[in-house]
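I have placed the structure first, in the form of structure tokens, so that the comments after it can refer back to it.
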Amino acid sequence: MAGETVLVVEDEEDIRELVRYTLTSAGYRVSEAASGEEALRRARANPPDLLLLDLLLPGLHGLDVCRLLRADESAREVPIVMLTARGEDSDIVAGLEAGADDYITKPFSTKVLTARVKAVLRRSGEQVLPEGEAIAHGSLSIDPRRFEVTVGGAPCELTATEFRILHYLARHPGWVFTRTQIVEAVRGEDYPVTDRSVDVHIVGLRRKLGRAAERIETVRGVGYRYRE
Ligand code: CA
């Protein structure tokens with residue numbers, strides 16, 4: 001049993017109860033907060049291994065909790081998984097841009113909850129590949145030193161921006177990025193990339209990647225994710 005600590009921030013007692021029961025059964029230690037203020041106090045005093053954060057809280061909003069934690073000396077590294085209402089895509093985008101790592105939409109199955117917590121804890125323990133390191137997943141190879149991408153050994157002629165987007169996503173497999181986050185990650189002085197043009201670059205990228213295109217997953221209403 002891992003025994004990692006999850007701080008559950010949720011004002012609705014029955015949901016908190018369900019989350020506690022589910023995660024405790026899966027071997028996690030669970031602490032609870034019923035408001036954003038309490039969450040901040042607890043997370044700062046004793047940073048958990050993961051924060052499960054409802055966005056709709058009385059008082060301090062979950063997005064503010066997110067931002068404040070990301071600016072906090074002791075708790076900035078704590079992975080945050082948001083709980084959001086289904087259909088509130090703009091909340092998800094805002095949360096990811098405020099520093100959350102992933103999200104779960106309500107109502108959720110306990111299976112999804114456990115799987116998501118486990119995945120985020122695993123990812124947060126992994127080092128992101130150094131920028132210069134070559135990446136190979138299945139038939140797809142990315143060599144950032146030579147700016148080369150091959151699928152099944154055959155070279156893909158990517159534009160500089162397509163390359164940067166692919167490389168950025170592939171260095172963070174499993175993570176969801178919003179268009180704005182992708183733009184910020186790949187934009188150079190000579191790369192005038194905008195939120196909207198990310199979609200166009202992704203279309204071009206997928207076309208050129210052929211059978212490896214399925215690695216770039218569209219997360220509807222939110223952004224993109226690379227599948228390892
Ligand atoms: Ca709530």
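Being a predicted model, the structure only gives us computed values, none of them experimental. In each ligand, atom 1 is the first atom listed, and ligand 1 is the first ligand listed.
With 3.0 Å as the limit, Leu57 does not count as an N, O or S neighbour of the Ca ion (ligand 1).
Asp54 contributes atom OD2 as its closest N/O/S atom to the Ca ion (ligand 1). Closest to the Ca ion (ligand 1) among the N, O or S atoms of Asp11 is OD1.
The hydrophobic cluster containing Leu7 also includes Val9, Leu40, Leu51, Leu53, Leu57, Leu60, Val65, Leu68, Leu69, Val78, Ile80, under a criterion of side-chain heavy atoms closer than 4.5 Å among ILVMFWY residues, counted directly or through chains of members.
Side chains of Asp195 and Thr180: a donor on one and an acceptor on the other come within 3.5 Å. Using modelled atom types and a 3.5 Å distance limit, the side chains of Thr194 and Ser197 yield a donor-acceptor pair.
Relative orientation of the Tyr226 and His137 rings is tilted, given thresholds of 30° and 60° on the angle between their planes.
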